[in-house]
Amino acid sequence: MTDTGQATTAPAAKRGIIDTLELDVRLLGMLVAFAAIALVFTIWTGGTFVSPRNVFNISVQAVPVAIMACGMVFVIVARQIDLSVGSMLAMCSAVMAMSQATWLPQAMGLEYGNPYILVITIFLGFAVGTGMGAITGWLVGYQRIPSFIVTLGGLFVWRNINWYTTNGQSVSLTDPHLLMFGGTEGVLGAPVSMVLGVIASVAAVLGLMSARRNKQSHGFVVKPVWAEGVMMAMVVGAIMLFVTWLSRYPVPEAKLKRLFEARGEVMPDGYTAMHGLPISVIILIVVAVGMTVTARKTRLGRYIFAMGGNPDAAELSGINTRALTVKIFALMGFLCGLAALIAQARLQSHGNDIGMLEELRVIAAAVIGGTALAGGVGTIYGAVLGALIMQSLQSGMAMVGVDTPFQNVVVGLVLVIAVWVDIIYRKRMGLTK
Amino acid sequence: MSNTRTPLVEMRDISIAFGGVKAVDHVSIDLYPGEVVGLLGHNGAGKSTLIKILAGAYQADHGDILINGEKVEIRNPRDARAQNIETIYQTLALADNLDASSNLFLGRELLSNGLMDDAKMEAETRKIMGRLNPNFRKFNVPVSALSGGQRQSVAIARAVYFNAKILIMDEPTAALGPHETQMVAELIQELKAQGLGIFLIEHDIHNVMKLCDRACVMKNGQLVGTVKVDEVTDDDILGMIIMGKKPAKAA
Ligand SMILES: Nc1ncnc2c1ncn2[C@@H]1O[C@H](COP(=O)(O)OP(=O)(O)O)[C@@H](O)[C@H]1O
Ligand SMILES: [Mg+2]
């Protein structure tokens, strides 16, 4: 890490390029690993791997795990663990599926397609998720039961209350609005996506500039203008490449025809439309940005990290660590509800085994992304990248015909190797944690 | 020190037990503005536990705490801070994964527009560290990367930054070399001159004789006695610590 303080007088020329850009070496490592995976599979599949369609699919498939991994970062940073996220996802999914299919239409008499079904269903799902998380948090924070035990219990309890909620049956999603969270059914189209991409780029540049100005106003040394420019160019480039790429994935003609027919119109000859950004990916981005701001710029985030670094110190500094524990797990539960909304919409139904073993993928994503199980260390972007890396690996292997058991073997090995490499790197650098 | 004035702090008949261990057993101590009171005794005598009750880390089973003559309830560290009581814990109570300024402002972060103003906090940290430990440079690394003395100075900075009226220092020089110890001694004298009341837990008898106005000696959770430092010799105090009895002439 570099000392950016006033006292630092070391000339920029003496510092390496990574230092000058103030890049996180860990992030760089993950990006390189990600690029390597993409490159290998691109060559192996003759280019199909990076086709807009496949990039779209990988993004959409990674969303539920990535969203939950953001919450898991906070949980693990606070020295806790949550093994119940897959079951909580199933429970939220069951409640939402029953709500839109049975409870609201039959009990309350709301007719098919009524927008209130969407609103109430989502509210119920999020409330159940947040509630389950809060119960976990209360048992851990106030009753001092280890989170490993509480959430191991939760894994069994919620999974099976889910079973009773739907009587063990699959429930298909009939509400037309709910499906928009799934991916292909809810896309913004190319023009809107490009506009959003530009807005995001401008916001990123302004954010970097205002951080720089704030540092300068206190007289701290900032990185050279060219380094700042390179950073901005890289960020804007990544955003625009992603948006442009998804905006080149066409909607199938048959589906467009159906859409026109549904509106009672006839599709003009030669009409085309592109997918662009899926709503679910936008939700993930909003969650990741929101959680990053929470982690870095709010008291809540600071206290979570302090508690993970030294629970006694946090307590002695006047932080109510019990209430904090409830908040952390409640947030985790809320994100499970959000992930459930997206997962069931993508599958267009609720099945009993939805979210099965997902807790392990979520924990793996957070850990591959650099979250230390000892607590106190972790990043949101790392967890999202971790989820993307795992999903890319699995999709890539599926595309080249590796069978599912072996895919899981590879994912398991990657998890262990990622942590191993990290430990070796830290030892070399003389870092303790 | 005239006893007709109201004490800044009075801890009356304080007791606390952990399981069967009476860590503090009916102890009464007081502290006046501009006074340094030393707390002495062997390891396990109950010194840290006693001051942790004042700091809000523990709740006494029995006894009262008075600040400026008024009875107060200190239920948690926040209550203590609200009474302008600041504490340097023996363990330092630093979050190892956070940097110096995050630790200094932990629980009292500076905000602008509802978000933490890290640059402002770092600037303030640089100011106070410039006064306490001018050689300190490591502002942007986790405190786990600091030396014992540097960590100690972060903990001290945290206690003096917020305009404490009552300062508790639990073995503040334990991790320090002779030069840094001298700096802490000067700081104590400066703060005392500003009118703070200071409880100082300290093992080095020479520091006690030099810095403290009075000394309270504890043994096995009980108060052996309180003496005015200029009325006794260091051997008298050592005798109290070892024998657990007050010397005859100072009784
Ligand atoms: N949290 C605790 N739980 C149980 N016993 C404790 C606790 N804190 C202190 N004690 C016990 O109380 C006694 C006094 O400890 P302490 O106040 O740390 O002594 P000192 O600071 O004088 O060395 C010791 O016997 C110690 O073991
Ligand atoms: Mg002690």
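Order of the sequence lines sets the chain letters (A, B, ...), proteins ahead of strands, with each chain counted from 1.
- In this structure, OG on A:Ser317 lies 13.0 Å from CZ on B:Phe105, to the nearest 0.5 angstrom.
- Heavy-atom pairs under 4.5 Å with chain A were tallied for B:Arg81, B:Arg108, B:Met116; the largest tally goes to B:Met116.
- Within the 4.5 angstrom heavy-atom criterion, only side-chain atoms of A:Tyr303, from C-beta onward, approach chain B.
- Nearest heavy-atom pair, B:Leu106 versus A:Ala313, reported as atom, atom and distance to 0.1 Å: CD2-O, 4.4 Å.
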Problem - Full working for side chain to side chain contact (heavy atoms under 4.5 Å, CB included) between A:Val77 and B:Asn97 - result: CA-CA 11 Å; A:Val77 162; B:Asn97 55 335; 5.6 Å; no
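- Around CZ of A:Phe148, the count of heavy atoms belonging to other residues, nucleotides or ligands within 6.0 Å does not exceed 12.
- With chain B as the partner, the residue from A:Glu315, A:Met307, A:Arg299 showing the most heavy-atom pairs under 4.5 Å is A:Arg299.
- Looking at B:Lys120, the atoms closer than 4.5 Å to chain A (heavy atoms on both sides) sit in the backbone and in the side chain alike.
- Between A:Lys215 and B:Asp118 there is no salt bridge, since none of the side-chain N atoms of the basic residue sits less than 4.0 Å from a carboxylate O of the acidic one.
- Contact residues of residues 201-211 of chain A toward chain B are absent (heavy-atom distance under 4.5 Å).
- No side-chain heavy atom of B:Leu94 sits less than 4.5 Å from a side-chain heavy atom of A:Asn310.
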Handout entry: Worked verdict on B:Arg78 versus A:Asn320 for side chain to side chain contact (heavy atoms under 4.5 Å, CB included)
Key = CA-CA 9 Å; B:Arg78 259 164 299 152; A:Asn320 185 343; 4.0 Å; yes
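- When the candidates A:Thr298, A:Leu316, A:Val293, A:Asp312 are compared by the number of heavy-atom contacts under 4.5 Å with chain B, A:Leu316 comes out ahead.
- Around the NZ atom of A:Lys297, the shell of radius 6.0 Å holds more than 12 heavy atoms that belong to other residues, nucleotides or ligands.
- Environment of CD in B:Glu186: crowded, with over 12 heavy atoms of neighbouring residues, nucleotides or ligands closer than 6.0 Å.
- Per-residue counts of heavy-atom pairs under 4.5 Å with chain A were compared for B:Ala93, B:Ala80, B:Gly114; the largest is that of B:Ala93.
- Comparing B:Pro77, B:Ala55, B:Gly56 by heavy-atom pairs within less than 4.5 Å of chain A, the highest count is held by B:Pro77.
- When heavy atoms are compared at a cutoff of 4.5 Å, B:Leu111 approaches chain A solely by way of its side chain, counted from C-beta outward.
- Proximity to chain A is limited to the side chain of B:Leu98, based on heavy atoms less than 4.5 angstrom apart.
- By the 6.0 Å contact criterion, CZ on A:Arg144 is enclosed, its count of non-hydrogen atoms from other residues, nucleotides or ligands being greater than 12.
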